[in-house]
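All residue numbers in this chain count up from 1 along the given sequence. Everything numeric in this text was worked out from a predicted model, so none of it was measured.
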Amino acid sequence: MADPDYIIVGSGINALVAAALLGKKGKRVLLLERNDSIGGCLRTEEITLPGFRHDVMATTMVLFLTSPAFAALGKELEARGLEFCHTSTPTGVLRSDGTHAILSMDRARNIAHFDGISEGDGKAFDREMGRFAGNAGFVFGLLGGNLWSTATARLLGREVWKRGLKGLTAFFGEALAPARGYLETTYRSEELRGLFAPWALHCGLGPESAYSAEMTRVIGFAIEAAGCPIVKGGADNLLAAFERLITDQGGSIMRNADVSRIDVDRSGKAVGVTLADGKQLRAAQGIIASVTPHQLYERLLSASSATLPQPVQEGLASYRYGKGNMQIHYALKAAPRWRAAEELSKVALLHLTPGLDGVSRSANEAERGLLPAEPTVCVGQPTSLDPSRAPDGAAILWLQVPDTPRHIKGDAANELACPADGRWTETLREAFADRIEAMLRAQIENFDEIVLKRRAYAPTDLEAMNMNLVGGDPYGGFCGLDQFFLWRPFKSSVNHKTHVAGLYHIGASTHPGPGLAGGSGFLLASCADKGMKAHG
């Protein structure tokens, strides 16, 4: 059999998008996955009890559904079994005192609901979304395009012509604002501030981080328009559709194929890979690595005789990973009854937090290595969208704690004993999960009656499942301004090019960053018909 055109190392969403799009362009692709299942952070398993299908890590597909990748591949994936499940109330916030706010997919309903909470907040939301709609093409062009490219230069040129230089600098000044100041000056109610503040955490940021205000606008706009859909039956059905598409195009996927090194010839070009079992595979046109920078340069290229360029060495030395993540899953014998309001049972993703200050506090505690005293908890209710995830009448809950420390220095509540070496243990994982469970119990009136089983994953457990989740960081590295956009992963980075000819770097650690949009895979594969060299 002839060598594939491209070998892709890894099988997360960016790798799958790249493989499918390259195949659509007539390229033969071989995708290699070191584990026994593909998908990276997408995996569905019966981890509690038989018949209860849990998305173990990622679950919400709004970024994929609204992405250029889905626009290019969606119909072919749907033809191979992909379906989404939706709810008209995609997200909300439930504060400790029971006050709450819900974001629906209906603008008029949102305005009325928010004004009912605090007069003027609905009108403020309408104004902000209207302003963002006017900037959406520019914002999404920057967030999703190759920054070092003629297309982006033209995009900026058009904006200068439209706004003037001073107007463009004013736009960037506003876009770089932290969420805290923006939310405090835009909304009067703690409910509205608390509704949007947690979404900064899902971008690997905090409410005090630069550009977190813009990201809360991006997410509010996207969720109101497209909701928080999940894959019908489980995220693994998306993986099955991708696999059918890739193989139908002539590509192939190898599981349990642990790549030990990327092979570079004497001319300095990447020509293939060697697996841990010694098997060598060759690629006719190039290698694409969907891994973290340290995996790429310190492990996969460690056997190369070429010395890493100084900018790459410096980039590796200073590259930082963000907070960890914790996942908790429940199998329930019946649907939860929320004390505050029955309508909360139809919300896809509900954040539990005291509000903006609570989000800031828990994020700061986690960044300082402390177990948050009152973490910000994202509660997913998959069976309210897709009853097929559980037996008849039963339900599941999907919990994510995005402000979990990777290395533990102590407990902010001074209640839990923390190991001297700072490492997660099973005992500490379950004790911290108990703290989160107490938050659920306070809000769900039938909680103790319906719980069948709980399964928790600490940051170390997540890294054990996916080596790219360093310390449980699901975002491929800290997402602060100095390590994002033009500077991701390194200050010297140019799109997805590396210093090795024929070797390309994609994944959450590269522009446009983390999420399920498949952005880096799409950007790289889109250049295949022009020759990958143009991508640099």
Side-chain angles (χ1 to χ4, degrees), residues 1-42 69 72-73 77 238-239 241-264 269-276 279-293 295-297 299-301 466-468 476 495-498 500-511 516-529 531-533 535-536:
M1 183 179 292
D3 292 335
D5 294 306
Y6 292 98
I7 290 175
I8 301 179
V9 181
S11 67
I13 188 67
N14 286 287
L16 293 170
V17 166
L21 195 56
L22 287 169
K24 188 174 182 177
K25 293 173 177 288
K27 305 294 182 181
R28 291 187 62 254
V29 176
L30 171 60
L31 190 148
L32 304 176
E33 170 54 51
R34 70 190 301 267
N35 295 316
D36 57 8
S37 59
I38 64 171
C41 289
L42 292 168
L73 301 169
L77 292 170
L238 172 61
L239 305 180
F242 262 117
E243 182 165 10
R244 293 185 190 108
L245 176 57
I246 291 166
T247 55
D248 286 349
Q249 294 169 336
S252 56
I253 296 173
M254 288 179 59
R255 295 169 172 81
N256 299 305
D258 186 8
V259 178
S260 62
R261 73 169 186 258
I262 292 171
D263 297 323
V264 180
K269 183 180 186 301
V271 294
V273 301
T274 298
L275 304 184
K279 185 176 183 179
Q280 292 186 323
L281 303 168
R282 292 291 173 259
Q285 296 186 33
I287 309 296
I288 301 169
S290 185
V291 297
T292 64
Q295 286 293 326
L296 177 58
Y297 294 104
R299 187 173 76 92
L300 298 180
L301 285 175
N466 184 340
M467 65 194 304
N468 289 317
N495 298 330
H496 301 95
K497 183 180 179 182
T498 71
V500 177
L503 174 61
Y504 306 92
H505 188 194
I506 63 172
S509 301
T510 69
H511 178 74
L516 295 178
S520 59
F522 175 82
L523 289 174
L524 181 64
S526 295
C527 298
D529 52 351
M532 289 287 211
K533 291 182 180 179
H535 189 70

- Task: Begin from the C-alpha positions of Val29 and Ile288 and carry the test side chain to side chain contact (heavy atoms under 4.5 Å, CB included) through to its verdict.
- Result: CA-CA 10 Å; Val29 176; Ile288 301 169; over 6 Å; no

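At least one donor-acceptor pair under 3.5 Å links the side chain of His496 to the backbone N or O of His511. Between the side chain of Asp5 and the main chain of Ala284, no donor-acceptor pair closer than 3.5 Å is present. A donor-acceptor pair under 3.5 Å is absent between the side-chain atoms of Lys27 and the main chain of Gln285, judged by distance alone. Side-chain atoms of Arg34 do not come within 3.5 Å of backbone N or O of Met467 as any donor-acceptor pair.
In plain terms, the two heavy atoms of Leu73 and Ala20 that are nearest each other are CD1-CB, 3.8 Å. Heavy atoms only, all atoms of each residue included: Ser509 and Gly476 are closest at OG-O, 2.7 Å. Closest of all the heavy-atom pairs between Ser252 and Ile246 is N-CG2, 4.3 Å. Shortest non-hydrogen contact noted between Leu22 and Ala525 is CG-CB, 3.9 Å. What you find for Glu243 and Ile38 is that their closest heavy atoms are OE1-CD1, 4.2 Å. Looking at every heavy atom in both residues, Phe522 comes nearest to Val17 through N-CG1, 3.7 Å.
With sequence neighbours excluded, the residues that form a side chain to side chain donor-acceptor pair (under 3.5 Å) with Asp263 are Arg261, Thr274, Arg282. With sequence neighbours excluded, the residues forming a side chain to side chain donor-acceptor pair (under 3.5 Å) with Arg299 are Gln295, listed by chain and number. In this structure, Lys279 has no side chain to side chain donor-acceptor pair (under 3.5 Å) partners at least two apart in sequence or on a different chain. For Arg244, there are no salt bridge (charged side-chain N to carboxylate O under 4.0 Å, His left out) partners at least two apart in sequence or on another chain. Listed by chain and residue number, nothing satisfies the salt bridge (charged side-chain N to carboxylate O under 4.0 Å, His left out) test with Lys269 (two or more places apart in sequence, or in another chain). In this structure, the side-chain contact (heavy atoms from CB on, under 4.5 Å) partners of Ala508, at least two apart in sequence or on a different chain, are Pro514. Contacts of Val500 classified as side-chain contact (heavy atoms from CB on, under 4.5 Å), with partners at least two apart in sequence or in another chain: Val264, Ala270, Leu301, Thr498, Leu503. Take Val259 and apply the side-chain contact (heavy atoms from CB on, under 4.5 Å) test, not counting sequence neighbours, and it matches Val9, Leu32, Val273, Leu275, Leu300. Evaluation of the side-chain contact (heavy atoms from CB on, under 4.5 Å) rule for Asn466 yields Cys41, Asn468, Leu469 as partners, not counting sequence neighbours. Partners of Asn256 according to the side chain to side chain donor-acceptor pair (under 3.5 Å) rule, which considers only residues two or more places apart in sequence or in another chain, do not exist here.
Contact check for Leu31 versus Leu16: side-chain heavy atoms found under the 4.5 Å cut-off. Contact check for Ile7 versus Ile262: no side-chain heavy atoms found under the 4.5 Å cut-off. Under the 4.5 Å side-chain criterion, counting only non-hydrogen atoms from C-beta, Ile13 is in contact with Phe242. Here the side chains of Ile506 and Ser290 are in contact, with some heavy-atom distance below 4.5 Å.
If you take CG on Asn495 and SG on Cys527, they are separated by 7.5 Å, rounding to the nearest 0.5 Å. The line from OH of Tyr6 to CD1 of Ile287 is 10.0 Å long, rounded to the nearest 0.5 Å. If you take OH on Tyr297 and OG1 on Thr292, they are separated by 11.0 Å, rounding to the nearest 0.5 Å.
Applying the side-chain hydrogen bond (donor to acceptor under 3.5 Å, both in side chains) test to every pair with at least one member in residues 7-23, sequence neighbours left out, gives these pairs: Ser11-Glu33, Asn14-Ser520.
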